[in-house]
Amino acid sequence: MQLTVWTYEGPPHVGAMRVATAMEGLHYVLHAPQGDTYADLLFTMIERNAKRPPVTYTTFQARDLGSDTAELFKTAARDAYLRFKPQAMIVGASCTAELIQDDPGGLSKALNLPIPVIPLELPSYQRKENYGASETFYQIVRALAGPTAPVLGTPRPVRVSGQRPRCNLLGPTALGFRHRDDVVEITKLLNELGIDINVVAPMGATPADIARLGEADFNVVMYPETASQAAQWLTRTFGQPATKIVPIGVGATHDFINEVAKLAGVDAAPLLNNTTSRAKWYAKSVDSTYLTSKRVFVFGDATHAVAAARIAKEEMGFTVVGIGTYSREFAREVREAAKIYGVEALITDDYLEVEAKVAELQPELVLGTQMERHIAKRFGVPCAVISAPVHVQDFPARYSPQMGFEGASVLFDTWVHPLMMGLEEHLIGMFRGDNEFHADAAPSHLGAAHKPLQNVVSPLVAAAQIGASVFEPILGLTSVSTPSSAAATIAGWALEAEKELNKIPFFVRGKARRNTERFASERGMSLITVETLYDAKAHFSR
Amino acid sequence: MSSAALATAGGSDTTVIPIIRERGQREVFCGLTGIIWLHRKIQDAFFLVVGSRTCAHLIQSAAGVMIFAEPRFATAIIDERDLAGLADCNEELDRIVNQLLTRRPDIRLLFLVGSCPSEVIKLDLSRASSRLSKKFSPNVRVLNYSGSGIETTFTQGEDACLASMVPDLPAAPADAETSLMVVGSLADVVEDQFIRLFAALNIGPVRFFPPRHAADLAPVGKNTRYILAQPFLADTARALEERGATRIDAPFPLGVEGTTLWLKAVADVWGVSSGTFDAATATARERATRAVARYREELSGKRVFFFPDSQLEIPLARFLARELDVELVEVGTPFLHKQHLARELELMPKGVQLSEGQHVENQLDRCRAAKPDLVVCGLGLANPLEAEGMTTKWSIELVFTPIQGYDQAADLAELFARPLVRRMRLVA
């Protein structure tokens with residue numbers, strides 16, 4: 001047993017639902033107890049889907065356990081076929097149904113339905129959502145594209161000259177983090193390279209589309225979490241090569257363009273020479289100097305975490321102080337990436353461990369999931385969301401991809417805006433003592449009757465830098481202090497020292513306080529004076 | 001799966017109400033969902049679900065947002081080792097409860113909540129809870145109930161939870177004065193309003209169940225009169241009666257009429273004169289009547305279809321029909337407790353179509369054919385129906401919002417009027 005407060009991933013059958021819901025003309029018959037239909041609302045509420053997920057649940061109850069749950073499953077499957085007339089069906093069990101061992105695969109075979117019925121074996125007590133999505137997609141691809149497979153070892157037919165190369169986009173699902181917009185962005189990018197899209201799957205694909213996956217020249221694996229297993233099978237079966245690079249960030253998008261150009265046999269140069277990335281220019285602009293060496297902690301699914309860390313270092317000039325993932329299946333990839341930043345990867349699906357890590361590292365920006373957003377909020381650290389698990393906010397009305405050049409620009413904005421807010425808050429703090437700006441003062445331009453409006457204009461941002469940089473040495477620790485519990489006896493603060501401390505920007509004040517206290521306690525000092533504060537600053541300066 | 005039966009309901013021969021009884025896919029929550037409001041009601045209780053990742057995911061999703069603070073609920077996720085017998089489930093559970101109580105010393109009452117998987121593998125949580133109760137007594141009491149989908153539908157989780165607390169209620173002395181127990185979770189603000197009204201009626205002592213704090217348990221005995229504030233408490237009622245308490249039969253306190261009849265039923269037991277009753281309730285009653293009237297214009301003549309959700313459907317439909325002149329197309333309920341709802345059924349318009357249980361596809365067919373003005377349904381159905389052109393009201397909001405009593409009657413009407421008003425505005 002494992003004590004779980006919040007989970008990063010749902011059970012594997014929710015992964016199967018993400019695949020089924022993304023597709024057209026496919027129906028999922030799920031042997032599940034009453035209550036498991038809650039999963040529908042993930043799709044209708046979080047993603048605001050206009051259609052119910054194509055899922056029929058048997059919703060058995062205790063009284064059915066005494067009679068015949070197998071018969072219940074057969075009736076549900078037969079009725080679902082008659083009502084929805086799908087081109088193909090997937091069948092399986094949720095966690096409870098797995099325990100009663102009714103064998104949905106065998107039962108549906110006995111129904112002799114005139115369509116392909118694909119049984120899913122998703123071990124609910126062992127695996128999780130992304131595994132479920134990956135396995136389901138793989139089983140669907142194998143079952144539906146398998147019949148068109150050439151004899152093993154047959155070389156791929158040579159493309160007729162003049163015919164544009166074709167590829168499949170693999171991996172986008174329902175409830176994916178910006179999958180909808182990434183597909184648009186990557187399709188555009190490939191079209192500019194002169195590459196056509198054969199099939200996008202699972203998103204938008206019908207079973208008939210899956211059957212013609214083999215016609216493409218190669219596969220683009222957009223999300224390894226859901227697509228790499230299927231892509232490997234396609235490589236083995238149809239000799240289709242697959243991409244390795246996920247085009248998130250300017251650098252990765254460049255690498256991706258080179259990679260697909262090579263696979264497609266087209267020239268990447270015209271496109272590469274012709275693109276101007278706004279993200280790249282913004283990062284270069286002088287306003288961005290305040291981003292330099294910001295300490296960031298990155299956590300998410302493997303694909304997004306690895307991509308975010310690279311962008312953070314190479315394209316934003318941040319310092320990656322920690323990286324981690326909840327995707328154990330991709331722990332190796334994240335550990336590899338962690339080596340680049342000289343940190344140890346945190347592989348866990350326990351959000352309390354992630355919280356402890358954030359507390360320990362004291363980053364200035366957290367790039368994480370909705371869970372880390374809450375963790376960061378608790379510590380007063382700015383945060384941007386980079387990965388699933390998704391929240392209704394992760395389905396914005398506007399076009400908002402993560403991939404390609406447009407995606408890189410979206411990321412720049414998304415990451416920088418929380419930091420801007422941080423500075424703005426700092427400036428509010430700085431001016432709090434002013435006659436026109438203290439907490440109870442009304443804005444002078446609105447007259448006496450109005451409530452204070454807290455706002456600051458941007459040219460003042462530069463001023464904030466000075467305040468922060470003066471005390472940087474106290475903050476920029478190489479050795480990291482643990483949260484306040486570590487110090488058994490905490491020295492008291494002299495009034496003057498406390499006043500001096502308050503001159504430090506609020507968002508780093510806590511850290512300065514802790515480090516000074518540690519400095520004092522390590523030296524057995526009982527009183528912290530202004531001198532102690534500056535001694536600590538000098539001690540910790542790099 | 002589509003077997004439909006037509007039956008009838010009603011307390012007497014004169015009220016014959018047709019009921020569609022169906023079996024098929026039930027698009028409803030399981031009883032674990034009740035944890036969302038129960039953990040907020042009993043402020044020092046912790047709910048530990050013993051279940052699967054699905055259970056954890058359900059509660060997280062039903063909570064809608066991840067709550068900022070560390071929540072007072074969690075899941076002990078059963079894994080393969082437990083199932084394969086490599087780990088002893090009871091030892092594992094003890095370890096987890098230890099871990100939990102070390103981290104949360106503020107917890108006074110711990111519920112071990114059974115789930116579908118724990119029921120199917122027959123994990124005996126009642127033995128576990130008495131073992132752990134002994135271990136952590138007197139600091140923490142450990143109780144257990146089942147919120148599994150195979151045993152409970154949505155609000156039945158609260159019923160199971162409260163029923164598990166009844167044996168722990170202290171026994172009232174045999175010569176105790178007659179006391180009132182109001183049974184079923186109500187918002188604190190609603191409780192406070194009722195406390196003032198009962199005081200004005202000179203009715204007391206009054207206790208609420210569940211209490212706001214685990215230790216604040218109302219005594220129960222043969223001089224306890226209890227009244228249900230929620231229509232889904234069959235097991236709790238039975239358990240209270242086993243302890244000697246007597247139920248006061250009444251409709252539920254939804255709407256002005258419902259609230260008046262509910263209070264009147266109690267007043268009659270205490271022998272309050274009609275003069276005193278009118279004097280004590282007149283102000284709140286008139287204020288509520290005026291406030292509700294504002295919504296009659298928006299809702300009058302509108303055709304409403306209820307999908308089954310919380311068992312609150314029948315009292316809600318009665319309020320809409322009688323106080324807002326709504327026309328009821330179909331009133332679905334997951335389960336119809338004829339005895340507890342007898343007074344409600346008497347008040348229902350003649351010939352109203354009820355349905356019990358669910359075959360969601362058939363019900364959607366009926367709903368589409370009837371083209372109602374407003375569909376009251378769960379979150380899984382709401383957006384798809386909106387996309388088909390229907391106007392919907394999320395039923396879960398009716399469970400999470402204070403809607404009982406005089407001063408909430410207009411709020412309740414507004415919940416139904418809002419989607420209609422919104423639709424008009426967006427079209428205009």
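When reading the values below, keep in mind they use all heavy atoms of this one structure, side chains included, and skip hydrogens, waters and symmetry mates. In what follows, chains are A, B, ... by sequence order, proteins preceding strands, each numbered from 1.
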[X] versus chain B, the contacting section by heavy-atom distance below 4.5 Å:
{"X": "A:V392", "answer": "neither"}
{"X": "A:F84", "answer": "side chain"}
{"X": "A:L42", "answer": "side chain"}
{"X": "A:R83", "answer": "side chain"}
{"X": "A:E9", "answer": "backbone"}
{"X": "A:Q126", "answer": "side chain"}
{"X": "A:L65", "answer": "side chain"}

Rounded at 0.5 Å granularity, tell me how far [atom1] in [X] sits from [atom2] in [Y].
{"X": "A:T37", "Y": "B:E27", "atom1": "OG1", "atom2": "CD", "result": "4.5 Å"}
{"X": "B:L83", "Y": "A:S124", "atom1": "CG", "atom2": "OG", "result": "10.0 Å"}
{"X": "A:T4", "Y": "B:R53", "atom1": "OG1", "atom2": "CZ", "result": "6.0 Å"}
{"X": "B:I150", "Y": "A:D64", "atom1": "CD1", "atom2": "CG", "result": "9.5 Å"}
{"X": "B:K122", "Y": "A:L99", "atom1": "NZ", "atom2": "CG", "result": "11.0 Å"}
{"X": "A:Q61", "Y": "B:C116", "atom1": "CD", "atom2": "SG", "result": "10.0 Å"}

salt_bridge(A:R52, B:E361) N-O dist < 4.0 Å
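Counted as a salt bridge, because a side-chain N and a carboxylate O are separated by less than 4.0 Å.
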Got a salt bridge between A:R127 and B:D79, using NZ or NE/NH1/NH2 to carboxylate O under 4.0 Å?
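No salt bridge links A:R127 with B:D79.
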So which heavy atom on [X] is nearest to which on [Y], and how close?
{"X": "B:C89", "Y": "A:M1", "answer": "O-CE, 3.5 Å"}
{"X": "A:V5", "Y": "B:F73", "answer": "CG1-O, 4.2 Å"}
{"X": "A:Q34", "Y": "B:T152", "answer": "NE2-O, 3.2 Å"}

Determine yes or no for a side-chain-to-main-chain donor-acceptor pair under 3.5 angstrom, with [X] supplying the side chain and [Y] the backbone.
{"X": "B:Q25", "Y": "A:Y57", "value": "yes"}
{"X": "B:T75", "Y": "A:L3", "value": "no"}
{"X": "A:T59", "Y": "B:R26", "value": "yes"}
{"X": "A:T44", "Y": "B:N383", "value": "no"}

When only pairs under 4.5 Å are counted, which of A:A62, A:P53, A:P12, A:S94 shares the most heavy-atom pairs with chain B?
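When all of A:A62, A:P53, A:P12, A:S94 are compared, A:A62 has the most.
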Is it the case that more than 12 heavy atoms not belonging to B:K135 sit under 6.0 Å from its NZ atom?
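Count over threshold, so yes.
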